[in-house]
Amino acid sequence: QVQLVESGGGLVQGGGSLRLSCEASGRSWGNYAMGWFRQAPGKYRLIVAAISWNSDSTFYSDFVKGRFIISRDNAENKMYLQMDNLKPEDTAVYYCAARGVSELEIGEWQYDYWGQGTQVTVSS
């Protein structure tokens with residue numbers, strides 16, 4: 001069964017850091033582009049960052065550039081999101097997603113597999 005499981009969320013003070021992990025199982029994910037999305041209460045789900053299958057290409061939304069870093073370990077079927085200098089506006093449920101091709105895309109509709117999400121709460 002294809003499955004993506006996020007972990008690493010929690011409560012942190014503004015200016016702090018968290019590292020999210022996404023563990024993929026059920027198939028080999030090495031050839032799949034992956035991404036992180038987030039959804040705040042009452043808001044649409046937005047892309048945070050994306051990474052191509054071999055990590056050669058990455059994308060960051062403007063609101064996280066310079067603060068977040070996306071990475072992956074294909075041997076371990078894992079993807080990460082290092083989040084530094086967190087702000088209260090980063091509070092959201094963060095989702096891991098994968099698409100069935102190697103090139104990254106930034107549209108939510110372009111991703112085929114989704115995790116259940118992990119809550120990140122940043123206090124002021």
Side-chain angles (χ1 to χ4, degrees):
Q1 183 176 354
V2 172
Q3 194 172 19
L4 298 174
V5 179
E6 303 94 339
S7 62
L11 173 64
V12 64
Q13 278 193 326
S17 298
L18 285 173
R19 189 192 195 206
L20 304 184
S21 298
C22 172
E23 184 166 6
S25 61
R27 65 174 65 219
S28 175
W29 297 88
N31 293 330
Y32 287 22
M34 301 185 74
W36 288 98
F37 290 75
R38 75 185 190 189
Q39 187 169 21
K43 302 279 184 71
Y44 290 109
R45 188 154 58 182
L46 301 175
I47 184 145
V48 174
I51 188 166
S52 62
W53 73 279
N54 60 358
S55 304
D56 276 0
S57 298
T58 57
F59 168 85
Y60 295 94
S61 286
D62 285 346
F63 50 80
V64 302
K65 275 182 183 176
R67 300 188 298 124
F68 291 10
I69 297 175
I70 189 171
S71 62
R72 65 189 295 168
D73 183 340
N74 287 345
E76 296 290 329
N77 278 345
K78 290 184 177 178
M79 179 178 65
Y80 304 98
L81 186 68
Q82 177 65 41
M83 306 187 295
D84 297 322
N85 190 21
L86 282 160
K87 304 175 181 180
E89 51 264 43
D90 294 318
T91 295
V93 177
Y94 284 71
Y95 296 91
C96 165
R99 63 191 304 263
V101 294
S102 58
E103 294 80 25
L104 70 86
E105 290 289 349
I106 64 173
E108 179 183 0
W109 65 93
Q110 293 166 309
Y111 284 77
D112 306 299
Y113 306 99
W114 292 86
Q116 292 300 305
T118 185
Q119 176 70 46
V120 171
T121 303
V122 184
S123 63
S124 56

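None of the values given here were measured: they were computed from a predicted structure. Throughout, numbering of the chain's residues begins at 1 and tracks the sequence.
Under the salt bridge (charged side-chain N to carboxylate O under 4.0 Å, His left out) criterion, D62 pairs with K65, not counting sequence neighbours.
To the nearest 0.5 Å, atom OG of residue S55 and atom CE of residue M79 are 10.5 Å apart. Atoms OG and CD, from S71 and Q82 in turn, are 8.5 Å apart once rounded to the nearest 0.5 Å. The CZ atom of R19 sits 14.5 Å away from the CZ atom of F68 when rounded to the nearest 0.5 Å. Residue S102 holds its OG atom at 13.5 Å from CE of M34, rounded to the nearest 0.5 Å. Atom OG in S61 sits 8.5 Å away from atom CZ in F37 (nearest 0.5 Å). Here the CD-CG distance, from E103 to D56, works out to 11.0 Å after rounding to the nearest 0.5 Å.
L104 and W36 end up in different hydrophobic clusters when Ile, Leu, Val, Met, Phe, Trp and Tyr side chains are linked at under 4.5 Å. Transitive grouping of hydrophobic side chains (ILVMFWY, heavy atoms separated by less than 4.5 Å) brings M83 and L46 into a common cluster. Taking hydrophobic clusters as Ile, Leu, Val, Met, Phe, Trp and Tyr residues chained together by side-chain heavy-atom distances below 4.5 Å, Y111 does not share a cluster with L4. Hydrophobic clustering of Ile, Leu, Val, Met, Phe, Trp and Tyr side chains at less than 4.5 Å, counting indirect connections, keeps Y32 apart from Y95. Linking ILVMFWY residues whenever their side-chain heavy atoms come closer than 4.5 Å, directly or via other members, places Y94 and F63 in the same cluster.
Listed for the N74 side chain is a donor-acceptor partner under 3.5 Å among the backbone atoms of W53. When atom types are taken as modelled, the side chain of E76 and the backbone of D73 share no donor-acceptor pair closer than 3.5 angstrom. A donor-acceptor pair is defined here as one N or O able to donate and one able to accept, closer than 3.5 Å; such a pair exists between the side chain of E6 and the backbone of Q116. Looking only at distances, no side-chain donor or acceptor of Q13 sits under 3.5 Å from a matching main-chain atom of S123.
More than 12 heavy atoms of other shown residues, nucleotides or ligands fall within 6.0 angstrom of atom CD in Q119.
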Are L81 and V64 close enough, and set up right, to give a side-chain contact (heavy atoms from CB on, under 4.5 Å), and what steps lead you there?
CA-CA 11 Å; L81 186 68; V64 302; over 6 Å; no

Show the numbers, then the answer: is there a side-chain contact (heavy atoms from CB on, under 4.5 Å) between Y60 and I69?
CA-CA 8 Å; Y60 295 94; I69 297 175; 3.8 Å; yes

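Judged by a 6.0 Å distance limit and a 45° cone about the ring axis, R45 is positioned over the six-membered ring of W114.
Residue pairs that meet the salt bridge (charged side-chain N to carboxylate O under 4.0 Å, His left out) test with at least one member in residues 86-98, sequence neighbours left out, are R38-D90, R67-D90.
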